[in-house]
Amino acid sequence: MTQTYGEEQAQHMITNNASDRSLTPSEVVSLCLSASAIAIVGASDDGTKASGRTQRYLRKYGFTGDIFPVNPNRDTVQGLPAYGSVDELPRVPDLAVIVLPAAAVEAAVRDCGAAGIKFAVVFASGYAEVGDEGAAQQDRLAATAAAAGVRLLGPNSVGAVFASNALTAAFMTGLDQDRFALADHQIAFVSQSGAMGGFILNMAQSAGLGIGRFFSTGNEADLGLPELIEGLVLEGSTRCVLAYVEGVRDGNALERALAAARLAKVPVGLMKVGRSERGAAAAASHTGALAGSDEVLDGVLARFGAQRADDVEHLLDIGAVFAPGKRASGKRVSIVTLSGGAGVLMTDAAEDYGLEVPAWEGEWRDRMAGILPPFASVMNPIDTTGAIAADPSLLTRALQVCVEHPETDVAVILLGNLEASEDVLCAEIIDVAERTEKPVVVAWVGGSGRPQRVLGAAGIPTFPDPVRAMRAVAALVDWSEAEARHEPPAPERVRLSPEMLDRLDRAHAAGKRILDESESKELLSLCGMPTTREAVARSAEEAVSAAERLGFPVVLKLLSDAVEHKSDIGGVRLGLGSPQDVTAAASEVLAIAESLQLEDPAVVVQESASGSTELILGMSTDPSFGPVTVVGMGGIFAEIFSDARTRPAPVTESEAEQMLESLKGAPLLKGARGRAHADIGELAKLIARFSELSVALAGRVASIDVNPLLIDDSGSPVALDAVVTLRAELDAGELA
């Protein structure tokens, strides 16, 4: 079977991540899931200390394997025999937890490698987070671990927790509780924040959500968040991966992990905190201003269908809705409720999140009416009224019809209070949900809170708030659509001629930072970018001659590589309908050039193009993800309205269509208010080709602005203006 472009891309990413270390990330995950022996290097006899908690937690949660405390100063530690060093252990443990101060960690890692221990968790802080000296110490630690064949989690990590075998290789105080036994619903959680990771793990387990695989990445001297996400996915038994992200160090690694997740059909939910400062180059480009780091990350997540959480509750709700493993075949939701008002609330929320609540008609409405009291509403939302309090079987029968209804993709139940009936109602819901492949989601408002734990344990996502329930359903639908999406074959790569490369290199060597409009458009012609006919003039007479050849009316603009926003200084004149108009405009614009002391003052005379919808199409360079493609609503207000979508380059034609469809201004492309209907297929093809050109130029070009890209009266795109900004320094790696 021929792979799609997206599958080829994802498989290429995964294949090229082969590691020459002893363990791959997926092998680290497998080792943790099956671990039967653990060494604690530096173990304390005091179980309240950070260095003593790991051993106490292992016993508290029922780890049945061997625990080897290593402490040369004691005969026993917390009642177990102590060993003077790891080479004295009776067997090679699966992993070591190093609880020593930073100064002693490097030697301990070296000893672990010599003893055959292939994975170590390092708690110690005082590394890169404290400055240059700590960063150098961390680099030495990473080099020592690599030489010893030991994979590291940390340093500055609060540890790892695997519930299925009670492996609590951690010191987080969130494990000091008596409310829950660790549950594993095959949900994994990777956190770059130790404290927040511990908080969220405790919060989830307290609510009955079995986040059963947890890694705190710490300073990521070796294993980082992307590698661990990929490892959890490729190991094969994880149903959903959640992540708490503070920063993306390696964009390619994150894309590789998300690609692996999509291929393996493992949903990913990510909560990203902190909005990075946009680089200084952003001010030189509309595209740079629109493609901030957060926008790029949103584009990456959208590319692979990964879900972005707004807050901690949302992150856990994403885990809950994906844990059962059921998928939605569409976005049509049927709501069964005992409150008409609550049904309206959920319908409003569904619309807010892009879901559909279609009215039931004909046979299926009649079937539902035959079950419910005559005063019930059967239009969808389906209001069963309070009658289910007296007869819970009404809920079962109504829900059964709901899941059988062919136009229902997700069934949502809304209940409230009903503490006297909650056990029987939970049983009724579980019975129906177990007999259907359609997702069943519950919002249970008020009451004891017990239904959320009972239904959640049975694999039925249950939320205490109806809006939260609909938000979770939206995430499920979005991932399901992404999972089913197929990409077209990869487009042919754009090739730069030796002459074009030489011209760019000479421009850079001459100290040019920006190519003028004429040069920029010539470069863009390599990807088939349609442009207006134009001519360069250096006098009013030449401008008139050019206008007569092109045909009136014309546009006249200052041509300079030293001025980026020509309209801001009066350097753009539109609708020039006569030789007199052109003469006056050219004289004025050339006078502006002279007042700015520009070398070789010139103007460009263009044929006029008519159309009412303007886009911006651009390329920017992200420090983590490299060249990115930006498309949005354009013109002089592009940055003000910020209606744009971003993806790492290259993008496929179908991705380009998705970017266009998701714009707030998308109706303008579809002929709203009498505008020309854009040829979306032609436009998507152009965007894909432009993104390929961006990749080819990435070593030499920092950004490209095509603004505006006009949708003309025939619906075709045409570039009216363009600016190419060269890199301050050529990137040898990308030029290779």
Side-chain angles (χ1 to χ4, degrees), residues 4-6 9-10 251 255 258-259 262 285-308 354 477-479 481-488 490-491 494 524 527-529 613-622 625-635 638-639 641-672 677-695 703-711 715-717 719:
T4 66
Y5 175 47
Q9 182 189 44
E255 283 203 85
L258 297 178
R262 180 169 165 182
S285 153
H286 285 294
T287 299
L290 293 171
S293 61
D294 226 48
E295 289 80 5
V296 175
L297 179 62
D298 282 340
V300 171
L301 299 181
R303 163 172 282 172
F304 296 104
Q307 302 301 301
R308 182 161 187 175
V477 167
D478 186 68
W479 166 261
E481 290 179 343
E483 193 176 68
R485 197 160 57 221
H486 293 286
E487 302 289 355
V494 171
L524 291 172
C527 68
M529 180 75 68
T613 304
E614 296 181 340
L615 295 173
I616 181 171
L617 176 61
M619 169 263 194
S620 184
T621 305
D622 183 84
F625 293 95
V628 298
T629 300
V630 179
V631 63
M633 305 311 296
E639 294 172 34
F641 295 125
S642 296
D643 183 15
R645 298 295 179 267
T646 305
R647 298 284 189 283
V651 303
T652 65
E653 290 178 32
S654 62
E655 266 194 299
E657 287 194 23
Q658 292 157 24
M659 293 167 76
L660 293 167
E661 291 283 349
S662 67
L663 292 172
K664 295 174 185 176
L668 300 178
L669 299 173
K670 299 177 181 179
H677 196 294
D679 186 332
I680 298 297
E682 180 184 356
L683 187 54
K685 185 178 296 185
L686 175 63
I687 294 169
R689 289 285 291 168
F690 172 83
S691 75
E692 294 284 351
L693 176 65
S694 298
V695 173
S703 69
I704 304 172
D705 276 325
V706 182
N707 184 31
L709 179 64
L710 180 73
I711 305 303
S716 296

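In this chain, numbering begins with 1 at the start of the sequence shown. We use all heavy atoms of the structure for the numbers below, so side chains are in, but hydrogens, waters and symmetry mates are not.
The two residues Pro717 and Leu683 come nearest to each other via the heavy atoms CB-CD1, 3.8 Å. In plain terms, the two heavy atoms of Pro627 and Ser694 that are nearest each other are CB-O, 4.3 Å. Looking at every heavy atom in both residues, Gly665 comes nearest to Asp643 through N-OD2, 2.8 Å. Closest non-hydrogen pair, Ala719 versus Val706, comes out as CB-CG1, 3.6 Å. Counting all heavy atoms, side chain and backbone alike, Ser716 lies closest to Glu682 at OG-OE1, 3.3 Å. Residues Trp479 and Phe304 approach most closely at CZ3-O, 3.4 Å, considering heavy atoms.
Partners of Glu661 under the salt bridge (Lys or Arg N to Asp or Glu O under 4.0 Å) rule, at least two apart in sequence or in another chain, are Lys670. Taking Glu657 as the reference, nothing meets the salt bridge (Lys or Arg N to Asp or Glu O under 4.0 Å) condition, with sequence neighbours excluded.
Panel note: side chain Gln307, backbone Gly305; a donor-acceptor pair is recorded below 3.5 Å. Side chain of Ser691 to backbone of Val651: a donor-acceptor contact under 3.5 angstrom is found. Of the possible polar contacts, none joining the Arg308 side chain to the Leu301 backbone as a donor-acceptor pair under 3.5 Å is found.
A salt bridge links Glu255 with Arg303; the closest basic N to acidic carboxylate O contact falls under 4.0 Å. The pair Glu655-Arg647 counts as a salt bridge, with a side-chain nitrogen and a carboxylate oxygen less than 4.0 angstrom apart.
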